[in-house]
Amino acid sequence: MKMSRRTIVAAACAGLLLAGCDKLGLAGKSPGFHATDITGAEFARRLELPDTDGKMRTLADWKGKVMVVFFGYTQCPDVCPTTMAELSQIRKSLGVEGDRIETVFVTIDPERDTPQVLKAYVGNFGPGFTALRGSAEQTAAAAKEFKVFYAKAPGRTPGSYTMDHSAASFVFDASGRARLYVPYGGDTKNFAADLKRLVAAG
């Protein structure tokens, strides 16, 4: 199967992050989870960005819920909409338990992803989705904290660029601790099972 440049970059970055988890002794730490357990990792500890209404949000805002953080952009042709759709499906499949899951979409393209564009984008996936949009500097700082890679890939015209970016979801438990690293393209049933387990743990 031919892989796009974006997919290759995402896979490479996922490998780098998992290598870092191995060094920390975290990869595969909990056999009860399907995804990589990053409990206690020295990254993804802070998130502070404005939402589409301009209100500054932090991880503490979603305490009491299981939170999934994903970095992407609205004009992404494949990885981002697929991930968002899968999370929407998982939330619905869990019924009442799904109401305790919040997906936070962090744009890596604040230049084109205006608050109005982001609000409409996450609204397409139903309730339980929040979009965050910072300045270029704030976005870079958040990505660095989460060890997320992104870079502009020039298109034929100045406004037609795409964004190469690492593709993975970061899952936080109800107390606001980073718990799981979920690479793009995994089994949706396994992702759902991991989220259900964290919801049940409270």
Side-chain angles (χ1 to χ4, degrees), residues 1 3 6-7 10-45 47 57 59-72 76 78-106 121-132 145-148 165-202:
M1 180 180 68
M3 296 177 70
R6 183 182 298 103
T7 304
C13 291
L16 287 173
L17 182 51
L18 289 177
C21 290
D22 285 334
K23 289 179 182 178
L24 290 171
L26 297 171
K29 179 180 176 182
S30 175
F33 289 114
H34 299 283
T36 300
D37 188 339
I38 58 171
T39 305
E42 295 183 0
F43 57 88
R45 295 167 298 180
L47 182 65
R57 308 298 292 268
L59 294 175
D61 290 326
W62 291 283
K63 279 192 176 181
K65 287 191 173 185
V66 171
M67 181 174 62
V68 182
V69 175
F70 184 83
F71 287 73
C76 177
D78 40 40
V79 173
C80 302
T82 298
T83 300
M84 295 295 103
E86 288 177 350
L87 286 165
S88 178
Q89 178 186 356
I90 288 172
R91 196 174 188 275
K92 291 175 183 176
S93 72
L94 295 180
V96 176
E97 291 177 308
D99 293 341
R100 293 186 56 205
I101 297 172
E102 184 79 15
T103 294
V104 176
F105 181 86
V106 180
Y121 182 77
V122 296
N124 289 326
F125 302 104
F129 286 80
T130 299
L132 301 182
E145 172 63 22
F146 278 71
K147 296 188 181 294
V148 166
H165 64 99
S166 49
S169 299
F170 298 83
V171 182
F172 292 75
D173 63 20
S175 66
R177 295 182 303 162
R179 298 296 303 277
L180 301 173
Y181 172 86
V182 187
Y184 171 73
D187 190 315
T188 304
K189 291 182 179 179
N190 289 342
F191 199 172
D194 285 348
L195 291 177
K196 184 174 183 178
R197 182 181 177 196
L198 286 173
V199 168

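- Put simply, the side chain of Val148 does not reach to within 4.5 Å of the side chain of Val106, judged on heavy atoms.
- A 4.5 Å side-chain heavy-atom check between Val68 and Leu195 finds at least one atom pair inside the cut-off.
- In this structure, the salt bridge (charged side-chain N to carboxylate O under 4.0 Å, His left out) partners of Arg45, at least two apart in sequence or on a different chain, are Glu145.
- Atom NZ of Lys147 and atom CD of Glu42 lie 9.0 Å apart (nearest 0.5 Å).
- No donor-acceptor pair closer than 3.5 Å links the side chain of Asn190 to the backbone N or O of His34.
- The OG1 atom of Thr36 sits 8.5 Å away from atom CG of Leu180, with the distance rounded to the nearest 0.5 Å.
- Ring geometry, Phe71 versus Phe170: the interplanar angle exceeds 60°, so the pair is classed perpendicular (tilted spans 30 to 60°).
- Of all heavy-atom pairs between Leu59 and Gly176, the closest is CD1-O, 4.3 Å.
- Across all non-hydrogen atoms, the minimal contact from Pro81 to Cys76 is CD-O, 3.4 Å.
- The OG atom of Ser169 sits 10.5 Å away from the OH atom of Tyr184 when rounded to the nearest 0.5 Å.
- Listed by chain and residue number, Thr39, Asp173, Ser175, Arg179 satisfy the side-chain contact (heavy atoms from CB on, under 4.5 Å) test with Arg177 (two or more places apart in sequence, or in another chain).
- The minimum heavy-atom distance linking Val66 with Val171 is given by the pair CG1-CG1, 3.8 Å.
- Across all their heavy atoms, Tyr181 and Ala35 have their closest contact at O-CB, 3.5 Å.
- In this view, Phe70 satisfies the ring pair (Phe, Tyr, Trp, His ring centres under 6.0 Å) rule with no residue, not counting sequence neighbours.
- Between the side chain of Arg57 and the main chain of Leu132, no donor-acceptor pair closer than 3.5 Å is present.
- Across every non-hydrogen atom of Gly64 and Arg100, the tightest pair is O-NH2, 3.6 Å.
- In this structure, Phe191 has no ring pair (Phe, Tyr, Trp, His ring centres under 6.0 Å) partners at least two apart in sequence or on a different chain.
- By the salt bridge (charged side-chain N to carboxylate O under 4.0 Å, His left out) test, Glu102 pairs with Lys65, sequence neighbours left out.
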Only distances under 3.5 Å count here; give the side-chain donor-acceptor pairs of residues 84-95 to other protein atoms, sequence neighbours excluded, each with its distance to 0.1 Å.
residue: Ser88; atom: OG; partner: Phe125; partner atom: O; Å: 2.8
residue: Arg91; atom: NE; partner: Gly98; partner atom: O; Å: 3.2
residue: Arg91; atom: NE; partner: Ile101; partner atom: O; Å: 3.0
residue: Ser93; atom: OG; partner: Ile90; partner atom: O; Å: 2.7

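- Taking 4.5 Å as the limit, every side-chain heavy atom of Asn124 sits out of range of all side-chain heavy atoms of Phe129.
- Among all heavy-atom pairs drawn from Ala44 and Ala178, the shortest one is O-CB, 3.7 Å.
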